[in-house]
Amino acid sequence: MQVFNSLGRESQTFTPRQEGKVAMYVCGPTVQAAPHIGHGRSAVAFDVIRRYLEWRGFDVTYVVNITDVEDKIIAAAAERGVSADVVATETAEQFRTAYRLLNVRPPDIEPKATDHIPEMITFIEELIASKHAYPAPNGDVYFAVRSYEPYGQLSGRKIDDLISGSRIEPGEDKRDPLDFALWKAAKPGEPHWDSPWGSGRPGWHIECSAMARKYLGHGFDFHGGGTDLAFPHHENEVAQAEAAYGAPFARYWLHNGMVNLSGEKMAKSTGLMVDLLESLVQYPPLAMRLFYLRTHYRRPVDFTVEAVEDAVKALERLWAFRRRFPGGPKQEALPDAMNRFQAFMDDDFDTAGALSVLFDLVREGNGRLDAGEPVGGWVAAYDEFIEVLGLSEPPVEVDDLSPALDKLAERFKIEPAGDPVATVERLVEVRTRARADKDFALSDAVRDELAVLGILVEDAAGGTRWHRQ
RNA sequence: GGUGCCGUGGCCGAGUGGCGAGGCGCAGGACUGCAAAUCCUGUCACACCGGUUCGAUUCCGGUCGGCACCUCCA
């Protein structure tokens, strides 16, 4: 399995730290504002990587943190007149909702920064003891960047190139403009915790280092996040961890590309944002997921209405195939398809290429079904791939249509079944009988009325099927 | 200014030193009571200019164009 490691900027063969196991840490959101479509892309990208590693037989420990103490959360809380904790909790819930809709599996561990203050304090103490950090007179603690010689290895920057861009903000007490805060002295009205350096709160970078270390130890396998985090956040994480222990922190760094809007960067600072939850209302959530997966995770992706609508149709094509073959597969997945799928995914998780295997399978499978040939191997392979990609069609859900279905049953003079799904099936039977009797007025009426409810009825060689739009 | 990425057919988007990924769209055809779904056929490209090579979209150099990071950000 080859992965593109940002650390070194090259494709490398993946070797796990411990045979059969993968320890993976992904930078989760700072819960300061509602999720946007960029968050969705990152979450989906790493969710698929996790699923694929499991599919390959690894026992994966998947950690995604929540940064719930930070300047912008504090600012948002002050603006609303509530505590930072309220903002963080509410926003975290929005993220969870969006991710659930996108079929992103919850992480094994989801640590919150505020639950790990003691670990961070310990970490900082160790850095001070090893002379890589120093407490400043103003109560802040800073990491001494120049004390860690390889600084810049991850982002490919040289310390001297960074100097021009660095500066000391008012109120900071750094010895060197490059240094960054590990601990920030408390300001009035802000959340704060006691520490050996007085009351304060942790800096952003130390949070991830401390939590990753706690749950995954040193030299864990994958560290993921958006490419925008590579510098300075990830660079600083590496510096802290490796300065403190002299041992590698994460072995493979994976960075997902950004989501652009019609070619422009999407960012709060530009005001160009697409709200994730809103777009998940506007489009089928799994179509959004497919939209993300059609581009390699490392490349930037351009969000356009056309591209998402394209994905809506492509997804329908996949699902339509699977509906032709109700029930579970009874056969082995096609070895050739399995090999091709794995070859793409083994090549730095090339979901776009892997999707082409899935679509090939669908075309061939449809052709075989049309010809009356067996397709068990095709369906079995489909099920494997669709699950790794997280694109399975959810079970039909018609409970909300129950009253409307009962009315239809009355209109077409049948007994409503207690279960709405069964009622639909009785209505479909009515239509089937009408067709057999060449009473097309009646059969079309049933189909049209069901269509009004969003239930589409299709006649196929093997019988009549229905699904909800 | 520094660092890095990219430029593929009507659109989106993989990939490869020589056998036209895939999806969407469009045009025909098959199937079908109609519809839907499906299948078949066609449309079939690699920004530009040089170089290496028997052969380059794929490697090298240059030109033009787009983007990202260098500051909080998935």
Side-chain angles (χ1 to χ4, degrees), chain A residues 6 9 26-30 32-33 35-46 64 67 70-72 75 95 152 155-158 160-162 164-167 169 204 224-233 235 255-260 263-269 273 276 290-291 294-302 304 306-318 320-321 323-324 340 344 347 350-360 362-371 435 438-440 443-444 447-448 451 456-461 464-467:
Chain A
S6 300
R9 280 169 295 288
V26 174
C27 278
T30 299
Q32 45 151 317
H36 60 245
I37 54 175
H39 294 111
R41 149 106 121 158
S42 187
V44 166
F46 291 108
V64 182
T67 297
E70 187 260 354
D71 291 349
K72 291 203 174 140
F95 273 86
S155 54
R157 288 161 216 281
K158 297 184 190 74
D160 292 335
D161 293 337
L162 293 167
S164 62
S166 61
R167 57 185 172 155
E169 300 286 341
W204 177 34
T227 187
D228 53 343
L229 298 182
F231 187 88
H233 184 233
E235 190 69 60
H255 288 107
N256 68 273
M258 299 291 98
V259 176
N260 297 325
E264 303 235 11
K265 175 190 161 83
M266 179 178 71
K268 270 198 112 173
S269 54
M273 302 286 289
L276 181 57
L290 177 58
F291 160 74
R294 295 225 278 182
T295 306
H296 186 98
Y297 77 89
R298 229 165 359 88
R299 302 174 80 105
V301 61
D302 203 28
T304 62
E306 293 77 17
V308 180
E309 288 177 346
D310 189 312
V312 171
K313 290 174 183 157
L315 182 66
E316 180 54 29
R317 175 172 170 75
L318 295 176
F321 165 68
R323 286 186 208 117
R324 299 183 71 180
R340 288 198 297 137
F344 276 115
D347 182 13
D350 183 356
T351 54
L355 279 164
S356 74
V357 181
L358 186 60
F359 280 100
D360 281 343
V362 166
R363 181 172 22 76
E364 289 167 21
N366 274 322
R368 292 178 68 86
L369 277 163
D370 286 352
R435 287 182 70 221
K438 306 258 189 253
D439 183 356
F440 296 121
S443 72
D444 288 352
R447 184 173 63 195
D448 292 346
L456 303 184
V457 178
E458 298 168 0
D459 300 317
T464 299
R465 296 188 306 267
W466 62 275
H467 69 276

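Note that the structure is a prediction, hence the values are computed from the model and not measured.
For A/R323 against B/A37, a side-chain-to-base donor-acceptor contact under 3.5 Å is absent. A donor-acceptor contact under 3.5 Å is formed by the side chain of A/R447 with the base of B/C34. You'll find a donor-acceptor pair under 3.5 Å spanning the side chain of A/R435 and the base of B/G33, going by distance alone. No hydrogens or angles were tested; on distance alone, a donor-acceptor pair under 3.5 Å links the side chain of A/D459 to the base of B/C34. Side-chain to base pairing of A/D310 with B/G23: one donor and one acceptor N or O lie within less than 3.5 Å of each other. Within 3.5 Å, a donor on the side chain of A/H36 pairs with an acceptor on the base of B/A74, or the reverse.
B/A36 is unpaired under the criterion used here, namely a Watson-Crick or G-U wobble arrangement in which both key atom distances are under 3.5 Å. Pair assignment for B/U58 gives none, since no Watson-Crick or G-U wobble pairing has each distance under 3.5 Å.
For the pair A/F359 and B/G23, the ring geometry does not qualify as stacking, because the centroid separation below 5.5 Å and plane angle under 30° are not jointly satisfied.
Of the side-chain N and O atoms in A/R317, one or more sit less than 4.0 angstrom from OP1 or OP2 of B/U38.
Across B/A35, B/C69, B/C72, the shortest atom-to-atom separation from the side chain of A/R157 is found for B/C69. Comparing atom distances between the A/F344 side chain and each of B/A21, B/A14, B/C39 picks out B/A14 as nearest. Picking from B/U38, B/A14, B/U71 the nucleotide with the shortest atom distance to the side chain of A/T295 gives B/A14. Considering only the side chain of A/A314, B/G23 comes nearest among B/A74, B/C72, B/G23.
Using a 4.0 Å heavy-atom distance criterion, A/V259 is classed as a base contact. Across all strands, A/H296 comes closer than 4.0 Å only to sugar-phosphate atoms, never to a base (heavy-atom distances). Using a 4.0 Å heavy-atom distance criterion, A/N256 is classed as a base contact. Across all strands, A/E70 comes closer than 4.0 Å only to sugar-phosphate atoms, never to a base (heavy-atom distances).
Across A/V301, A/I37, A/D310, a single residue satisfies side-chain contact (heavy atoms from CB on, under 4.5 Å) together with A/F291, and that is A/V301.
At whole-Å resolution of the value, CZ in A/R298 and C1' in B/G13 are 15 Å apart.
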